[in-house]
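Okay, so here's the structure we're looking at.
Naming: A, B, ... by sequence-line order, numbering from 1 per chain. Basis for what follows: all heavy atoms, side chains included, without hydrogens, waters or symmetry-related copies.
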2 protein chains.
Amino acid sequence: METRELRYFVAVAEELNFGRAARRLGMAQPPLSRAIARLERRLGTELLVRDSHGAALTGAGRVLLREARTALDAVAAAEARTRRAGRPALVLAAKAGASTELLAKLLAAYAAEPGSVPVDVRLCQYGEQGVLLRRGEADAALLHLPFDSVTGLDTEELHTEGQVALLPAGHPLTARRELRLADLADLPDLPAPRYPRPDGTHPDGPGPAIRDHAQLYQLIALGRTCAVLPDSCRTQLRDDVAAVPVPDAPRVTTLLAWPPDSRSRPLADLLRAAAGR
Amino acid sequence: METRELRYFVAVAEELNFGRAARRLGMAQPPLSRAIARLERRLGTELLVRDSHGAALTGAGRVLLREARTALDAVAAAEARTRRAGRPALVLAAKAGASTELLAKLLAAYAAEPGSVPVDVRLCQYGEQGVLLRRGEADAALLHLPFDSVTGLDTEELHTEGQVALLPAGHPLTARRELRLADLADLPDLPAPRYPRPDGTHPDGPGPAIRDHAQLYQLIALGRTCAVLPDSCRTQLRDDVAAVPVPDAPRVTTLLAWPPDSRSRPLADLLRAAAGR
DNA sequence: TACGGCGATACCCGCCGGGTATCGCCGGTG
DNA sequence: CACCGGCGATACCCGGCGGGTATCGCCGTA
């Protein structure tokens with residue numbers, strides 16, 4: 001199988017429409033149909049069932065969609081890492097606005113290592129760090145359990161902390177010394193924010209769709225939503241947002257993740273710095 | 001990058017000789033040279049330095065070799081898993097001759113699960129199980145720490161045990177109640193077996209090159225080598241091989257491994273059966 | 001019944017991936 | 001020192017395949 005065929009299949013499987021997929025790929029529809037048909041013939045399986053409305057995935061098609069995405073990521077990673085090879089700099093991906101203190105400490109500790117190398121910090125939207133790692137555009141990433149997925153990555157735990165509720169300053173609940181998760185569920189005036197799913201789409205619901213922390217803070221300050229976030233976010237609160245501890249919220253673990261088998265000197269140094277020797 | 005180009009590059013990088021690589025690929029040398037040159041041009045990096053003796057990898061070339069192998073594995077996995085999709089059977093890879101009792105128990109426990117599916121057991125040579133998993137030719141594998149690599153796989157520990165030395169029956173050391181690793185190092189009459197490295201090649205040395213347990217047992221019985229293996233191998237000893245405990249050998253953990261993100265029903269059932277509910 | 005949108009088919013073209021022949025370079029060897 | 005052999009690069013050619021356009025058959029809908 002050639003990567004071109006995989007790209008074609010992913011486009012069709014995502015659009016479920018040959019014409020739209022062809023347009024997205026910048027080509028005409030007939031060669032795309034032929035390419036998919038050839039792929040099915042070679043695999044000996046139907047991937048899509050077509051009718052005059054469009055197409056639908058078969059079981060094998062769903063399998064190939066998932067597998068093709070990871071294979072294409074691996075190819076993209078091969079390309080990106082080769083391009084970056086020799087360029088002596090470390091790319092570290094981190095959620096914008098999260099674990100800022102920890103990140104600063106980590107960067108300082110690494111910079112103090114002998115033989116350390118410039119670190120290019122890429123601040124990401126929610127869930128983007130994993131993609132950057134898997135695509136080879138970053139050497140390491142700061143992730144947060146239980147929010148981010150770490151399947152297929154090597155990791156090192158850095159820090160664990162509780163969570164606090166962030167509410168608009170002056171909201172009645174800010175008078176409480178503590179809150180429970182149940183207190184925050186289904187508040188009519190503060191609908192829960194809708195965080196992106198791993199595929200980048202947002203679930204349905206009344207609350208605002210969120211992409212990063214800056215957005216979230218501003219929406220909380222505006223009284224449009226509330227959120228439960230790790231304790232460490234308190235260091236960067238302005239006075240239009242109030243924090244109340246939520247003891248029954250799951251604890252959050254910050255960890256450093258990197259692609260398995262990567263064994264570069266700078267990455268090893270970063271891990272050593274992160275572990276505090 | 002197309003997978004064809006990656007296959008070409010891997011062939012050249014492994015042979016370090018364009019002519020041989022071309023022969024291995026079943027093609028002529030000039031188009032191969034051109035393809036590699038085009039790849040380098042597109043990546044903007046030298047991958048190989050050529051002289052009239054052959055070629056050598058640059059730093060970027062070494063990176064691409066590693067990355068290309070994993071990318072090609074991912075593509076092969078996409079193909080294999082799609083081909084197997086719908087075929088309702090589990091493929092379980094296990095080292096031939098290792099953990100036989102555990103394997104039997106696991107198979108029995110899984111077969112007792114409601115909705116269980118036929119299990120195709122693939123008995124492998126040393127280190128082959130990981131490859132089968134990564135290539136998508138197996139759904140799960142039994143691996144042994146610290147021998148097998150589990151990077152990039154999800155795992156569940158099943159069992160931990162000590163190790164015993166296997167010696168030819170009648171060898172002087174079999175008179176001892178216990179041995180230490182040091183006792184077995186550099187025995188002139190029983191040179192240590194040479195296990196394959198992850199890439200399939202064998203290290204140099206005086207001992208015999210080993211591919212699987214059957215080979216190993218026979219060579220021990222013949223008085224050509226000795227080995228340190230998990231306790232559980234005693235259940236299948238014939239009387240021409242003797243076992244002596246080695247308390248200072250590292251403990252061996254048997255674990256069940258599967259590719260990250262695989263979420264098929266049969267695999268989930270197998271994991272449940274392995275965990276004993 | 002006409003129409004519009006879907007994927008499939010028929011047919012054509014140009015490019016690129018493959019081939020052969022040959023070159024330039026170098027190192028070993030009689 | 002001249003020659004040879006093996007290496008990768010270059011020059012040149014060809015056929016197939018990946019892409020295009022035009023059109024068809026099917027079906028749901030107005």
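- Here D:dG8 presents its P atom at 11 Å from CD1 of B:I36, a figure rounded to the nearest Å.
- Counting only heavy atoms from C-beta outward, the side chains of B:V117 and B:Y110 approach each other to under 4.5 Å.
- Comparing C:dG18, D:dG8, D:dG20 against the side chain of B:M27 picks out C:dG18 as the nearest.
- In this structure, the side chains of A:M1 and A:L39 come closer than 4.5 Å at one or more pairs of heavy atoms.
- Considering only heavy atoms from C-beta on, A:R197 stays 4.5 Å or farther from A:H202 through its side chain.
- Between A:R38 and the phosphate of D:dC17, there is no side-chain N or O to OP1/OP2 separation shorter than 4.0 Å.
- With rounding to the nearest 0.5 Å, the separation of CG in B:L132 from CD in B:E137 is 5.5 Å.
- Distance check, rounded to the nearest 0.5 Å: CZ of B:R194 to CZ of B:R211 gives 10.5 Å.
- Scanning residues 15-25 of chain B for heavy-atom distances under 4.0 Å to DNA chain C yields an empty list.
- A:R87 contributes atom CZ, which lies 9.0 Å from atom CZ of A:R84 (distance to the nearest 0.5 angstrom).
- When rounded to the nearest whole Å, the span between CD of A:E5 and C1' of D:dC17 equals 12 Å.
- Between A:S33 and C:dG7 there is no side-chain N or O to OP1 or OP2 distance below 4.0 Å.
- With salt bridges taken as basic N to acidic carboxylate O contacts below 4.0 Å, one links B:R7 and A:E2.
- For DNA chain C, the neighbouring residues in residues 41-57 of chain B, judged by any heavy atom under 4.0 Å, are B:S52, B:H53.
- Judged by distance alone with a 3.5 Å cut-off, no donor-acceptor contact links the side chain of B:R4 to the base of C:dG17.
- Residue A:R83 places its CZ atom among more than 12 non-hydrogen atoms of other residues, nucleotides or ligands, all under 6.0 Å distant.
- For the pair B:P30 and A:Y8, nearest-nucleotide mapping onto DNA chain D gives the more 5' position to B:P30.
- For A:R34 and C:dA10, the CZ to P distance is 12 Å, given to the nearest whole Å.
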